[in-house]
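Every number for a ligand or one of its atoms is a count from 1 in the order of the listing.
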Amino acid sequence: MIKIAPSILSADFANMGRDVERLKVWGADAVHFDVMDGTFVPTITFGPAMCKAVRPYTELPIDVHIMVDHPETYIEPFKEAGADYLTFHAEADRHTHRTLQKIRLAGMKAGIALNPGTPVAMVEPVLNECDLVLVMSVNPGAGGQKFILNALEKIERLAQLKKERGYTYEIEVDGGINAETAALCVKAGATMLVSGSSVFKAADPAALIAEMQAMK
Ligand code: DX5
Ligand code: ZN
């Protein structure tokens, strides 16, 4: 079954506890938590304090995606805030191998993210240290953008490497996911999908989540 992680970037920031609680009712598998620092990406969202604040509102894993420079400085704060997955951008770190190891050592699942312009080859040497690889299907910085098709080839490549080398990482896709693009990603080998605007704007979010979870 495909895991669905709705992004609370599309939630009501003034009612974050309530919206995080709803994700479980809708049948989601994780809470996707988009952190933006105003330098790696132009926007600023929220950080470890928000993670800590919403933690009591859900038992679902919190899937933190940090779109920030100097990702290693956020490992401890997010561990303390109750994060389960911590995914940082390959483009933002000169020491990806060490950062992945540090995240695992801190007791979280370690993820690495690739912008639309970044090839899989950039992270190939560190895939054995990854619990998750996040393929960005939009340029990070905002919700509600159009899916970029070059993600599909990268998903396929990651699925091939996973099979050949016996890796166990989740292949997560983030940006512009709706029922149509979700089907393409799953066909290509994705195991986990982030969806912000589609889920939060759906007339029936639970039905959309169930539809995507059942894709093959
Ligand atoms: C983009 C974020 C995404 C975004 C997805 O920078 O990483 O998680 O919120 O939103 P939608 O599903 O609206 O494209
Ligand atoms: Zn994200």
Side-chain angles (χ1 to χ4, degrees), residues 2-13 16 19-20 22-23 26 28-48 50-51 54 60-69 71 74 78 83-92 103 108-118 130-152 154-155 170-186 190-203 205 208-209 211-213 215:
I2 304 300
K3 294 193 178 90
I4 304 299
S7 168
I8 57 167
L9 190 60
S10 295
D12 176 357
F13 279 28
M16 213 40 122
D19 279 7
V20 163
R22 282 183 179 163
L23 299 186
W26 292 344
D29 299 283
V31 178
H32 188 76
F33 192 94
D34 283 311
V35 178
M36 303 184 191
D37 67 349
T39 64
F40 182 72
V41 290
T43 320
I44 294 177
T45 55
F46 39 66
M50 176 68 92
C51 185
V54 300
L60 293 177
I62 301 186
D63 172 31
V64 176
H65 172 200
I66 51 174
M67 288 157 271
V68 304
D69 286 326
Y74 294 86
F78 273 108
D84 296 280
Y85 290 86
L86 187 62
T87 298
F88 64 99
H89 272 262
E91 308 85 2
I103 295 171
M108 293 177 286
K109 296 211 166 132
I112 198 153
L114 300 174
N115 277 335
T118 305
C130 294
D131 298 301
L132 183 150
V133 183
L134 174 54
V135 177
M136 289 304 299
S137 41
V138 298
N139 286 294
Q145 305 181 74
K146 194 171 174 283
F147 186 87
I148 298 169
L149 281 165
N150 78 6
L152 297 175
K154 290 193 242 182
I155 299 165
E170 299 283 356
I171 304 175
E172 185 177 44
V173 191
D174 186 3
I177 296 289
N178 52 38
E180 272 167 42
T181 54
L184 300 174
C185 293
V186 170
T191 61
M192 190 162 171
L193 303 173
V194 176
S195 181
S197 39
S198 299
V199 164
F200 277 92
K201 283 188 191 151
L208 176 60
I209 289 172
E211 181 187 351
M212 294 194 288
Q213 281 168 333
M215 284 176 176

Atom indices of ligand 1 within 4.0 angstrom of [X] heavy atoms, with elements:
X      : result
Ser195 : 12 (O)
Val194 : 8 (O)
His32  : 8 (O)
Met36  : 6 (O)
Gly175 : 14 (O)
His65  : 7 (O)
Pro140 : 6 (O)
Met67  : 6 (O), 7 (O)

Is there any N or O on [X] that sits under 3.5 Å from an N or O of ligand 1?
X      : value
Gly141 : yes
Asp174 : yes
Asp34  : yes
Gly144 : yes
Ser198 : no
Val138 : no

Inset, instruction - Could you please give the number of protein N/O/S atoms within less than 2.8 Å of the Zn ion (ligand 2)? - result: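 For the Zn ion (ligand 2), protein nitrogen, oxygen or sulfur atoms under 2.8 Å: 4.
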Taking [X] for its side chain and [Y] for its backbone only, find out whether a donor-acceptor pair lies under 3.5 Å.
X      : Y      : result
Lys109 : Asp63  : no
Thr43  : Gly141 : yes
Ser7   : Ser195 : no
Asn150 : Pro116 : yes
Asp69  : Ala92  : no

Hey, are the side chains of [X] and [Y] touching, using non-hydrogen atoms and a 4.5 Å cut-off?
X      : Y      : result
Asp29  : Gln213 : yes
Met212 : Val199 : yes
Met136 : His89  : yes
Glu172 : His32  : yes
Ile171 : Val133 : no
Thr181 : Val173 : no
Phe200 : Leu23  : yes
Asn115 : Phe40  : yes

Looking at [atom], what's its closest protein heavy atom, distance included?
atom                    : answer
atom 10 (O) of ligand 1 : Gly143 CA, 3.6 Å
atom 13 (O) of ligand 1 : Ser197 OG, 2.4 Å
atom 14 (O) of ligand 1 : Gly176 N, 2.8 Å

Legend entry - Winner among Ala142, Gly196, Ser7 once heavy atoms are compared against atom 12 (O) of ligand 1: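 Nearest option to atom 12 (O) of ligand 1, by heavy atoms: Gly196.
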Inset, instruction - Give me the ring orientation class for Phe78 and Phe33: parallel if the planes are under 30° apart, tilted from 30 to 60°, perpendicular past 60°. - result: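 If you compare the ring of Phe78 with that of Phe33, the planes turn out perpendicular.
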Inset, instruction - May I ask you to check whether Phe46 and Phe13 place their ring centres under 6.0 Å from each other? - result: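 Here the rings of Phe46 and Phe13 have centres that are less than 6.0 Å from each other.
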